[in-house]
Amino acid sequence: MAFDITPYVDMSPKKVRELIRKGVIDFPTAGMCRGYAQANLVILPYEEAYDFLLFAQRNPTSCPLLEVSDKGSRTLRYIAEGTDIARDIPKYRIYEHGKLVREVTDVSDIWREDFVSFLIGCSFSFEAALLEAGV
């Protein structure tokens, strides 16, 4: 399915997150916010967070960490000030016991105080550089 991202290409990340929170954007953000890094989000219970952190640190090429939240925090300190992790992503895929159980646009109702969020760099960020270089 194709989405028209033209209105969002030169928009600031903060503005795009506001539109996501309002439900205007609920589709992939590839190509939006030219010049800014894009990220994937992983949210895990604290008891599993260390294992994932260790995995990411040992695999920085395929899993580059951009930021890790504090336990239970729905905000970020460095990358995206004012972010609400539970509402500012267009779609959340919820897995239970390794199986995708649903997709939603808000996870506020299931947020837990033991969640830790990981922002991981994704291919959307370097794809823009490759396209600009004519690759």
Side-chain angles (χ1 to χ4, degrees):
M1 177 179 270
F3 303 98
D4 182 16
I5 62 155
T6 307
Y8 314 109
V9 170
D10 292 314
M11 202 172 274
S12 74
K14 183 176 182 176
K15 181 64 178 169
V16 167
R17 286 192 304 274
E18 288 172 9
L19 293 173
I20 291 168
R21 195 179 295 183
K22 291 177 181 176
V24 174
I25 298 172
D26 66 354
F27 47 87
T29 59
M32 294 183 191
C33 306
R34 181 184 0 232
Y36 289 90
Q38 293 210 11
N40 291 308
L41 173 68
V42 174
I43 304 170
L44 295 169
Y46 182 76
E47 66 187 32
E48 298 172 24
Y50 177 76
D51 289 338
F52 185 79
L53 178 64
L54 190 59
F55 173 82
Q57 287 180 328
R58 290 179 175 169
N59 297 280
T61 302
S62 58
C63 202
L65 283 176
L66 301 178
E67 186 164 351
V68 179
S69 76
D70 292 330
K71 178 182 173 183
S73 178
R74 287 173 44 169
T75 62
L76 299 169
R77 293 178 181 237
Y78 308 105
I79 298 281
E81 187 178 328
T83 294
D84 180 348
I85 293 170
R87 301 185 312 154
D88 291 353
I89 306 297
K91 286 269 174 42
Y92 299 83
R93 289 183 172 161
I94 300 171
Y95 289 84
E96 293 177 5
H97 309 290
K99 295 188 189 269
L100 177 64
V101 293
R102 66 185 188 270
E103 289 186 353
V104 297
T105 58
D106 186 327
V107 292
S108 299
D109 61 331
I110 62 169
W111 190 265
R112 297 178 1 195
E113 291 303 313
D114 70 329
F115 279 160
V116 177
S117 300
F118 298 85
L119 282 184
I120 303 166
C122 72
S123 64
F124 295 166
S125 296
F126 69 77
E127 282 174 0
L130 293 173
L131 291 171
E132 286 179 19
V135 177

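Bear in mind the structure is a predicted one, so any value in this text is a computation, not a measurement. Numbering of residues begins at 1 and proceeds along the displayed sequence.
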Full working for side-chain contact (heavy atoms from CB on, under 4.5 Å) between Thr105 and Lys91
CA-CA 5 Å; Thr105 58; Lys91 286 269 174 42; 4.3 Å; yes

Rounded to the nearest 0.5 Å, what separation is found between the CZ atom of Arg74 and the CD1 atom of Ile43?
9.5 Å

Quick check: closest heavy atoms across Leu66 and Ala39, and the distance to 0.1 Å?
CD1-CB, 3.8 Å

Rounded to the nearest 0.5 Å, what's the gap from CG on Leu19 to CE on Met32? Could you check?
9.0 Å

Checking Tyr92 side chain against Arg102 main chain: does a donor-acceptor pair fall under 3.5 Å?
no

Tightest non-hydrogen contact, residues Val16 and Cys33, listed as CG2-SG, 3.5 Å

Within the distance-only criterion (no hydrogens, no angle test), does the side chain of Gln38 pair as donor or acceptor with the backbone N or O of Thr29 below 3.5 angstrom?
yes

Test Cys63 against Phe52 for side-chain contact (heavy atoms from CB on, under 4.5 Å), laying out the working first.
CA-CA 10 Å; Cys63 202; Phe52 185 79; 4.1 Å; yes

Which heavy-atom pair separates Phe118 from Ala49 by the least distance, and what is that distance?
CZ-O, 3.5 Å

Any non-hydrogen side-chain atom of Leu119 less than 4.5 Å from a side-chain atom of Leu65?
no

Using modelled atom types only, decide if a donor and an acceptor are shared between the side chain of Trp111 and the backbone of Ser73 within a distance under 3.5 Å.
no

Thr83 side chain to Ile85 main-chain N or O, any donor-acceptor pair under 3.5 Å?
no

Is Val24 close to Tyr8 at the side-chain level, that is, under 4.5 Å between some pair of heavy atoms?
yes

Nearest heavy-atom approach of Tyr95 to Leu100 is CD2-N, 3.3 Å

Hydrophobic cluster membership, with links at side-chain heavy-atom distances under 4.5 Å among I/L/V/M/F/W/Y: are Val42 and Tyr46 in one?
yes

Under 4.5 Å between any side-chain heavy atoms of Ile20 and Ile25, yes or no?
yes

Nearest heavy-atom pair of Arg87 and Arg21: which atoms, and what distance?
NH2-CD, 3.0 Å

Taking Glu67 for its side chain and Leu76 for its backbone only, find out whether a donor-acceptor pair lies under 3.5 Å.
no

Just verifying a value: how many Å separate Leu41 CG and Asp88 CG, rounded to the nearest 0.5 Å?
10.5 Å

